[in-house]
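Have a look at the structure below before the remarks.
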Amino acid sequence: MKTKRPTVADIQAMKGKRQLTMLRVVTLEEAAAAEQAGIDLVSVPPALLGPAFREAAPTVFAFPGLEYGDFITADDYLRGAFQAMRAGGDAVYCAAGLSTVRRLREEGIPVCGHVGLIPSKATWTGGFRAVGKTVESALEIYRQVKALEEAGAFAAEIEVVPGEVAAAISAKTSLVMLSMGAGTGCDAQYLFADDVLGQNRGHCPRHAKVYRNFAAEYDRLQQERIAAFRDYAEDVRSGAYPEQGHLVGIEPSELAAFLERLGSQTLFPHTEKPPM
């Protein structure tokens with residue numbers, strides 16, 4: 001059982017020692033579940049960070065994602081990174097150019113880059129498809145990894161790359177390699193909580209493994225929600241709601257005095273305005 005949050009140095013020291021576990025979580029409930037399940041690393045939207053996040057997940061290592069396109073200049077990324085770190089992040093995910101990675105590293109911000117299938121740049125690699133299936137494509141991924149290493153990143157997500165290619169690259173870099181559909185030769189396995197929980201109703205990626213069926217549970221809860229609303233509406237129409245126990249009582253003497261005043265139409269003297 002973890003007792004303290006690991007540092008970047010701790011994560012780097014684990015390279016090659018054991019497979020780390022990583023999830024993308026987007027709610028405090030998911031973060032708390034990751035903490036209690038012993039998940040090592042989480043990717044989070046920056047807005048999720050703050051005291052409530054760290055109360056829910058005190059020991060998980062968190063990568064807030066500086067989403068590509070939400071930030072433009074290196075100064076934008078730097079500002080966002082410092083905000084995320086102050087809010088409880090441990091390192092930042094950044095798919096921006098190498099000059100931005102260098103700028104962040106120069107200021108001591110731990111950076112995780114991205115290689116292989118990069119959704120925000122997928123048009124350059126033929127869309128949402130595997131990358132690294134040819135010699136040249138695999139060598140390009142290796143070149144990108146070494147460039148990130150030179151720029152000062154400490155980790156990189158490697159997405160939808162043949163496992164043998166990813167393993168060979170991971171063995172030739174000091175970066176902590178986070179595998180999303182890139183095999184067990186890397187340093188961590190990374191999945192989205194949505195996929196693990198079976199919350200997605202559309203396409204499920206090949207690399208994802210579904211462990212629960214939350215979509216079916218949500219459907220059941222929705223039907224229960226509709227039934228409860230219908231029962232409430234029927235009670236209102238029939239007079240079954242509200243019952244006496246749902247109402248505020250009044251002393252009989254107070255009610256009698258009120259009704260007497262109401263009947264005499266002397267609730268408010270002519271010289272006074274009614275209370276607002």
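If you look at Phe71 and Tyr77, their ring centroids are closer than 6.0 Å.
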Inset, instruction - Determine, step by step, whether Glu35 and Thr59 satisfy the side-chain hydrogen bond (donor to acceptor under 3.5 Å, both in side chains) criterion, reporting the C-alpha distance in whole Å, the side-chain angles of both residues, the deciding distance to 0.1 Å, and the verdict. - result: CA-CA 7 Å; Glu35 171 77 26; Thr59 70; 2.7 Å; yes
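Between Glu234 and Arg237 there is no salt bridge, since no side-chain N of the basic residue sits under 4.0 Å from a carboxylate O of the acidic one. Residues Asp194 and Arg24 are not paired through a salt bridge, judged by the lack of any N-O separation under 4.0 Å between the basic side chain and the carboxylate. The pair Asp76-Arg103 does not meet the salt-bridge criterion, since no charged nitrogen lies less than 4.0 angstrom from a carboxylate oxygen.
Using a 4.5 Å heavy-atom threshold, the side chains of Ile141 and Lys146 count as separate. Looking only at side-chain heavy atoms (C-beta outward), Asp40 and Arg18 come within less than 4.5 Å of each other.
Closest approach of Val131 to Leu117, counting heavy atoms only: CG2-N, 3.7 Å.
Applying the salt bridge (Lys or Arg N to Asp or Glu O under 4.0 Å) criterion to Lys17, with sequence neighbours excluded, gives no partner residue. Judged as a salt bridge (Lys or Arg N to Asp or Glu O under 4.0 Å), and not counting sequence neighbours, Arg212 has no contacts. Applying the ring pair (Phe, Tyr, Trp, His ring centres under 6.0 Å) criterion to Phe53, with sequence neighbours excluded, gives no partner residue.
Using bins of under 30°, 30° to 60° and over 60° for the plane-to-plane angle, the ring pair Tyr241/His246 lands in the tilted bin.
In the model, Ser43 has a side-chain atom that pairs as donor or acceptor with a side-chain atom of Tyr190 under 3.5 Å. Side-chain contact check for Gln223 and Arg220: no donor-acceptor pair (N or O, by modelled atom type) lies under 3.5 Å.
For the pair Lys121 and Tyr68, the cation sits on the ring face: its NZ or CZ lies under 6.0 Å from the ring centre, inside 45° of the axis.
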